[in-house]
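Written below as structure tokens is the structure these notes are about.
The shown structure was predicted, so the numbers you read here are calculated from the model rather than taken from an experiment. Hydrogens, waters and symmetry mates are skipped; everything else that's a heavy atom, side chains included, is used. A note on names: the letters A, B, ... follow the listed sequences, proteins ahead of strands, and every chain is numbered from 1.
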Amino acid sequence: MKLLFYLLDTSYEVRDNRPVILIWGLTDSGDPVLILDDTFRPYFYVLPEDKVDLTTLATRVKTLSRPPSPITKVEMVERRYYGKPVKVLRVETVIPEFVREYREKIRKIEGVRDVLEADIRFAMRYIIDRSAIPCTWYEAEVEEVEEERRYRARVYRLLSGLKQAKRDLPPDLKVVAFDIEVYNPAGSPRPKHDPVIIIAAYDGREVKQFLAEESGKGIRDAGAIRSFVSYVKELDPDIIVGYNSNGFDWPYLLERAKINNVRLDVGRVKGAEPRSSAYGHISVPGRLNVDLYDFAQEIGEVKIKSLEEVADYLGVMKKDERVLIPWYRLYEYWDNEEKRRTLLRYSRDDVIATYGLSEKFLPFAIQLSALTGLPLDQVGAASVGYRLEWYLMREAFRFGELVPNRAERRAESYKGAIVLEPKKGVHENIAVLDFSSMYPNLMIKYNIGPDTFVEGECEEDECYVIPEVGYKFRKEPPGFFKNVLTTLLRLRKQVKSEMKKYPPDSPMYRLLNERQKALKVLANATYGYMGWSGARWYFRQGAEAVTALGRATIRMAIEIAKSLGLEVIYGDTDSLFVKYDKDRVEEFIRRVGEELELEIKIDKVYRRVFFTEAKKRYVGLLEDGRVDIVGFEAVRGDWTEIAKEVQEEVAKIVLSKGEVSEAINYVRKVIADLRAGKIDITKLVIWKTLTRPISQYTAEPPHVAAAKRLIKAGYKVEVGDKIGYVVVKGAGRISDRAVPYIMADPKDVDVEYYVKHQIIPAALRILRYFGVSEKALEGVGKARKTLLDFFGKR
DNA sequence: GCGGCGCTACTACCT
DNA sequence: ACAGGTAGTAGCGCCGCG
């Protein structure tokens with residue numbers, strides 16, 4: 001029979017010493033299916049040294065064959081390695097786990113230059129080789145397998161190859177959000193001691209909450225966990241979403257389940273529990289476990305990535321429409337009968353917000369998955385570099401190009417982009433021009449990549465010579481990166497024009513929009529990937545060539561602008577800020593296109609824009625009255641809320657109204673409020689990320705000192721955590737007075753520190769250029785200030 | 001013992 | 001766990017100072 005299905009994920013099992021690929025999917029009516037394919041075998045390549053006889057090598061390889069996973073095939077095949085045709089051995093065995101062993105033995109054989117593609121996980125190998133791409137539709141000839149009772153899905157055996165089906169929109173994916181609350185009376189919850197008190201789940205229709213039971217012996221969570229397991233089995237979701245569920249909920253639940261002797265049997269393979277897998281994600285057999293925190297991480301505008309902040313920012317659940325409880329006080333709400341109702345509301349809001357986030361993030365994740373081939377549950381957990389790498393590996397397979405091994409190497413830094421010295425002050429009517437995808441287009445134009453690099457002599461008409469660095473790249477044939485980037489940019493263009501056929505609120509339009517975003521992300525990551533020492537296709541000279549070309553390009557663009565009499569105010573990497581003289585700007589765009597053969601476009605026009613002497617910092621007033629703040633304290637996550645608020649307001653007053661005195665009065669008022677204790681302590685918290693384990697700091701900056709205080713009080717801090725602290729009164733270093741805000745008494749806050757080190761510097765950063773001094777903001781002193789206010793009011 | 005100075009450490013931003 | 005360029009604060013060691 002023919003089966004049409006949407007592919008969710010692949011995995012494999014070894015049965016009777018043979019691997020069977022499990023293809024998890026959904027029919028168009030949304031029923032789970034499992035398609036078994038036992039025809040696929042693990043393999044890898046042996047790359048010989050020059051002039052080594054392949055037949056002899058093949059014989060030697062074969063002698064290594066051992067049960068239970070013999071070497072079943074050694075073939076001589078033609079592939080390409082860094083673009084050059086090579087003859088290699090394709091070595092096939094039976095059990096995927098034995099690949100590593102063979103790889104190590106074969107590596108030691110004389111005449112073997114390298115063993116390639118022996119480190120690609122079997123399920124991913126299948127995805128690439130059979131083009132079994134997650135989040136896309138397939139049609140296949142299958143037969144039903146009746147005797148399979150181990151799975152919570154209808155089981156088929158694959159009889160044909162997979163045929164891509166012409167469908168785009170996913171079927172009805174059953175999504176469930178879950179979230180646990182934990183009893184934490186002694187700081188951070190410890191799974192060995194602290195039970196789970198609530199497990200909440202929401203499927204888009206109904207919230208379920210499974211509560212721990214209290215008896216004389218304490219809180220018991222076994223029942224709640226059991227009920228949750230039954231609930232998941234009954235609901236049978238395709239996607240399970242959580243917020244930091246890979247980092248917290250799953251590991252915690254697994255540990256509690258173990259302690260309670262409960263099997264966390266929530267997958268589609270009966271009896272199988274979730275387990276740690278690639279990129280630190282947790283894999284739930286047969287379902288897609290997606291941690292939305294991974295995607296939240298990519299929203300730069302939100303500095304504190306808590307569920308409530310992210311949900312608020314995305315409009316999923318506004319902070320003022322929900323119950324909030326400080327995480328370190330959750331246990332109090334459990335202990336108190338009245339407060340427990342609030343706790344239940346809180347847990348309910350959390351799980352509904354989590355579900356809401358899935359609606360925001362999954363459409364993009366699905367497109368990224370369909371492009372990279374990484375299953376949906378891994379694509380979020382994988383970093384940008386790995387996402388691109390999987391895409392490259394798919395493309396390499398298509399081109400018959402061998403995938404280089406990952407190598408341990410030291411990063412070599414190199415020169416980057418140009419940043420122009422800004423012309424400080426206020427400028428009127430400024431156009432910001434951007435090169436479209438500058439680095440990808442330079443890579444295409446100059447055919448840059450590891451396989452097109454020429455080390456020796458090269459005829460001038462056959463090679464591009466890169467300015468400054470002098471590297472040479474063959475003009476023909478197009479290299480791997482050029483091919484990949486051309487495809488990415490072409491697809492993106494196609495998708496964007498396809499979008500025009502649909503109304504903006506239609507499902508297809510939205511799908512295509514997410515797809516073009518995913519294509520853009522991959523294209524833009526390619527240059528950085530090439531300069532990443534962890535990349536399989538690492539190529540420092542290539543990255544160096546790209547930045548050199550970028551510098552040359554922007555210099556030439558500046559020359560063109562100047563020759564047209566266009567004043568350049570500022571520029572960074574691929575952008576130029578110029579006086580917006582419409583005719584000249586149009587001519588500029590035309591000439592850049594013609595002379596540099598690159599597209600430059602107007603990104604925005606500022607009615608007014610303000611620069612200090614600092615690079616990478618400006619404030620711009622847009623035509624519609626909105627104000628862009630770039631680089632300044634107001635957009636940084638490590639300045640207090642109050643300082644950021646003041647700076648933003650000052651910027652707006654000065655730029656939109658041109659009223660310096662109004663700005664001064666405003667700052668004075670805030671300082672007075674602060675001194676009067678009218679500012680909430682939450683606006684005085686300084687947040688800084690712990691970027692390494694505490695022991696690895698050579699100095700003791702305030703956030704590290706605060707983190708040490710947290711640890712002392714029983715809290716766990718981990719790398720990547722944001723430490724929030726306030727500065728309290730007293731003597732000595734700031735570090736000596738940096739107290740975690742959850743432990744601080746508002747009475748102890750050193751208000752003068754905040755005046756001197758937060759509000760005044762943030763305000764002055766802008767006001768200084770309008771002739772305002774520190775004294776004008778604060779120097780008048782407290783007493784006279786009050787008098788001034790008094791007179792002011794009369 | 002302490003303020004000033006210059007350097008280093010550290011973080012978060014921009015493109 | 002994609003790159004380099006940049007601004008800015010605080011820590012820290014050193015110097016001078018009867």
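Contact between the side-chain N/O atoms of A:Tyr618 and the OP1/OP2 oxygens of B:dC13 is not found at any separation under 4.0 Å. The shortest distance between the side-chain N/O atoms of A:Lys644 and the OP1/OP2 oxygens of B:dC13 is not below 4.0 Å. For B:dT11, neither phosphate oxygen OP1 nor OP2 lies less than 4.0 angstrom from any side-chain nitrogen or oxygen of A:Lys722. Taking only side-chain nitrogens and oxygens, A:His703 comes nearer than 4.0 Å to OP1 or OP2 of B:dT11. Between B:dT15 and A:Tyr570, no contact under 4.0 Å exists linking OP1 or OP2 to a side-chain N or O.
When heavy atoms are screened at a 4.0 angstrom cut-off, A:Thr691 is found touching the sugar-phosphate backbone but no base atom. Among the protein residues, A:Phe481 comes within range of no part of the nucleic acid, since none of its heavy atoms lies under 4.0 Å from any strand. Counting any heavy atom pair closer than 4.0 Å across all strands shown, A:Thr547 reaches no nucleic acid atom. Using a 4.0 Å heavy-atom cutoff across all strands shown, A:Arg387 reaches no nucleic acid atom at all. At a threshold of 4.0 angstrom between heavy atoms, the contacts of A:Tyr439 with the nucleic acid are absent. Nucleic acid contact class of A:Tyr279 (heavy atoms, under 4.0 Å, all strands): none. Residue contacts for A:Arg406: at a heavy-atom cut-off of 4.0 Å it reaches no nucleic acid atom on any strand shown. At a threshold of 4.0 angstrom between heavy atoms, the contacts of A:Gly528 include nucleobase atoms, whether or not backbone atoms are also involved. Residue-level contact check: A:Trp639 touches the backbone only, with heavy atoms under 4.0 Å from sugar-phosphate atoms and none from bases. Looking at heavy-atom distances under 4.0 Å, A:Val630 makes contact with sugar-phosphate atoms alone, never a base. A:Arg733 comes within contact range of the sugar-phosphate backbone alone, with a heavy-atom separation under 4.0 Å but no base atom that close. Residue A:Gly637 is classed as a sugar-phosphate contact, given heavy-atom separations below 4.0 Å to backbone atoms only.
A 4.0 Å heavy-atom criterion places the boundary nucleotides of DNA chain C facing chain A at C:dA1 to C:dC12, written 5' to 3'.
We find that CG of A:Asn524 is positioned 14 Å from P of B:dT15, with the value rounded to whole Å. One can place CD of A:Glu298 at 16 Å from P of B:dC13, the figure rounded to the nearest angstrom. Taking atom CZ of residue A:Phe435 and atom C1' of nucleotide B:dT15, one finds them 13 Å apart after rounding to whole Å. Following rounding to the nearest Å, A:Lys688 (NZ) and B:dA12 (P) show an atom-to-atom distance of 7 Å. At whole-Å resolution of the value, CD in A:Glu700 and C1' in B:dT11 are 17 Å apart. One interatomic measurement links the two molecules: CZ of A:Arg765 to P of B:dC13, which rounds to 15 Å at whole-angstrom precision. Nucleotide B:dA12 holds its P atom 14 Å from the CZ atom of A:Arg617, rounded to whole Å. Taking atom CD1 of A:Ile418 as the reference point, atom C1' of B:dC14 lies 15 Å away to the nearest angstrom.
The 12-atom threshold is exceeded at CZ of A:Arg406, counting heavy atoms of other residues, nucleotides or ligands nearer than 6.0 Å. Counting non-hydrogen atoms of other residues, nucleotides and ligands closer than 6.0 Å to NZ of A:Lys579 gives a total above 12. Within a 6.0 Å radius of CZ in A:Arg733, more than 12 heavy atoms belonging to other residues, nucleotides or ligands are found.
A donor atom on one side chain and an acceptor atom on the other are found under 3.5 Å apart for A:Asp377 and A:His281. Between the side chains of A:Asp574 and A:Tyr439, no donor-acceptor pair of N or O atoms lies under 3.5 Å. With 3.5 Å as the limit, one finds a donor-acceptor pair spanning the side chains of A:Gln758 and A:Thr640. Of the N and O atoms on the side chains of A:Thr689 and A:Lys722, at least one donor lies less than 3.5 Å from an acceptor on the other residue.
The residue among A:Ser735 and A:Lys415 whose nearest nucleotide of DNA chain C lies closer to the 5′ end is A:Lys415.
Without hydrogens or angle criteria, A:Arg536 side chain to A:Pro404 main chain gives a donor-acceptor distance under 3.5 Å. Remark: the backbone N or O of A:Lys415 is not paired with any side-chain donor or acceptor of A:Glu544 at under 3.5 angstrom.
The side chain of A:Ala699 has B:dA9 as its nearest neighbour among B:dT11, B:dA9, B:dT15. The side chain of A:Val635 lies closest to B:dC13, out of B:dA12, B:dT11, B:dC13. Comparing B:dC13, B:dC10, B:dT15 by their nearest atom to the side chain of A:Pro701 picks out B:dC10.
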